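Below, chains carry the letters A, B, ... as their sequence lines are ordered, and counting in each starts from 1. Remember, it's a predicted structure, so these values are computed and weren't measured experimentally.
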Protein chains: 2
Amino acid sequence: MRTPSHPATDSIQLAGIFHALSDPARLSIVTGLSEVDEQCCSDLDVPLSKSTLSHHLKVLREAGVTTTRVEGTRRLMSLRRDDLDLRFPGLLDAVLDAATREPVGAH
Amino acid sequence: MRTPSHPATDSIQLAGIFHALSDPARLSIVTGLSEVDEQCCSDLDVPLSKSTLSHHLKVLREAGVTTTRVEGTRRLMSLRRDDLDLRFPGLLDAVLDAATREPVGAH
DNA sequence: TGGATAGTACGCCAAAGTTCGAACAATCCA
DNA sequence: TGGATTGTTCGAACTTTGGCGTACTATCCA
């Protein structure tokens with residue numbers, strides 16, 4: 001299976017990033033990714049069906065927040081730290097810092 | 001007319017902030033507010049009907065991003081800088097900095 | 001008092017988003 | 001080869017959002 005497509009760094013939209021982060025499940029996925037560097041879909045600790053999960057991962061990928069690397073039958077997700085820092089310096093760090101200040105599961 | 005209600009600083013949700021910022025019109029309003037401190041609804045440079053505008057301002061207010069002060073028949077909007085800095089230090093600055101790096105009108 | 005001004009609230013509609021199960025595809029390994 | 005594993009895609013049901021016009025409220029001021 002081919003590597004899924006990702007937006008070029010230059011075409012990452014700020015509103016798109018915020019949209020991607022506006023869903024609690026996706027925000028939680030991003031927070032989790034910040035702690036492990038690389039993680040496969042089935043290791044995510046989110047109580048959703050795999051099709052829903054796949055959808056959320058697609059949203060994150062298409063917004064330019066994450067990148068997906070194919071390894072065997074698995075897809076390894078990671079944050080696009082360098083690209084995001086290049087395009088919007090300091091934003092990702094501020095987001096991750098903010099996320100750690102908010103109690104987990106505070107809906 | 002009474003001052004509209006605003007969420008307490010403690011109950012501002014991160015996902016709610018991102019949702020509020022995920023719409024280009026609202027992001028543009030926030031960017032504009034960062035330059036003028038206080039602005040009334042009709043001075044906003046957004047090509048939308050006043051009912052739609054009112055809706056967006058409500059979303060921003062309820063997310064805890066802005067505060068509204070009533071003065072006569074006007075409502076003066078401003079960013080909740082202090083509250084946001086208290087709850088999520090550095091986040092607002094990073095957002096505003098990122099917004100200035102993105103060309104205006106880049107949809 | 002009564003018009004002008006500023007904004008909100010409501011109802012409506014179309015578009016977009018969330019969620020799921022079922023079916024499918026790709027890869028590994030015994 | 002063929003089963004197990006991992007994830008995508010599709011269609012359906014449902015919710016949310018964004019946009020508008022209209023009607024309403026509140027305030028100012030002549």
Find the distance [X]:[atom1] to [N]:[atom2] and express it as a whole number of Å.
| X | N | atom1 | atom2 | result |
| --- | --- | --- | --- | --- |
| B/Glu62 | D/dG18 | CD | P | 12 Å |
| B/Lys58 | D/dG19 | NZ | P | 16 Å |
| B/Met77 | C/dA6 | CE | C1' | 14 Å |
| A/Glu71 | C/dA26 | CD | P | 19 Å |
| B/Leu27 | D/dG18 | CG | C1' | 16 Å |
| A/Arg69 | D/dT6 | CZ | P | 16 Å |
| A/Ile29 | C/dT18 | CD1 | P | 11 Å |

Will you find, in the side chains of B/Ser54 and B/Ser51, an N or O donor that is under 3.5 Å from an N or O acceptor?
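There is no such pair (donor and acceptor under 3.5 Å, judged by atom type) between the side chains of B/Ser54 and B/Ser51.
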Verdict with reasoning, A/Asp85 to A/Arg80, per side-chain contact (heavy atoms from CB on, under 4.5 Å)
CA-CA 8 Å; A/Asp85 277 349; A/Arg80 288 180 68 175; over 6 Å; no
When you check the gap from the basic side-chain N to the acidic O, do B/Arg101 and B/Asp97 get nearer than 4.0 Å?
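Result for this pair is yes, salt bridge flagged.
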Are the side chain of B/Thr31 and the backbone of B/Leu27 linked by a donor-acceptor contact shorter than 3.5 Å?
yes
Taking A/Glu102 for its side chain and B/Leu14 for its backbone only, find out whether a donor-acceptor pair lies under 3.5 Å.
yes
Is the phosphate of [N] approached by [X] (side-chain N or O, under 4.0 Å from OP1 or OP2)?
| X | N | result |
| --- | --- | --- |
| B/Arg26 | D/dG18 | yes |
| B/Thr73 | C/dT5 | no |
| B/Arg61 | C/dT8 | yes |

Protein N or O to nucleotides 19-21 of chain C N or O, pairs below 3.5 Å:
unit_1, atom_1, unit_2, atom_2, d
C/dT19, OP2, A/His56, NE2, 2.6
C/dC20, OP2, A/Ser49, N, 3.0
C/dC20, OP2, A/Ser49, OG, 3.2
C/dC20, OP2, A/Thr52, OG1, 2.9
C/dG21, N7, A/Ser51, OG, 3.2
C/dG21, O6, A/Ser51, OG, 3.0

If I take atom [atom1] from residue [X] and atom [atom2] from residue [Y], how far apart are they, to the nearest 0.5 angstrom?
| X | Y | atom1 | atom2 | answer |
| --- | --- | --- | --- | --- |
| B/Thr66 | B/Ile29 | OG1 | CD1 | 9.0 Å |
| B/His55 | B/Leu60 | NE2 | CG | 9.5 Å |
| B/Leu57 | B/Arg75 | CG | CZ | 11.0 Å |

Give the residues of residues 35-45 of chain B touching DNA chain C, defined as any heavy atom closer than 4.0 Å, sorted by residue number.
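Contacting residues: B/Cys40, B/Cys41, B/Ser42.
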For B/Asp23, what residues pass the salt bridge (Lys or Arg N to Asp or Glu O under 4.0 Å) criterion, not counting sequence neighbours?
none
For DNA chain C, whose closest nucleotide is more 5', that of B/Arg74 or that of A/Ser22?
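It is B/Arg74, whose closest nucleotide lies nearer the 5' terminus.
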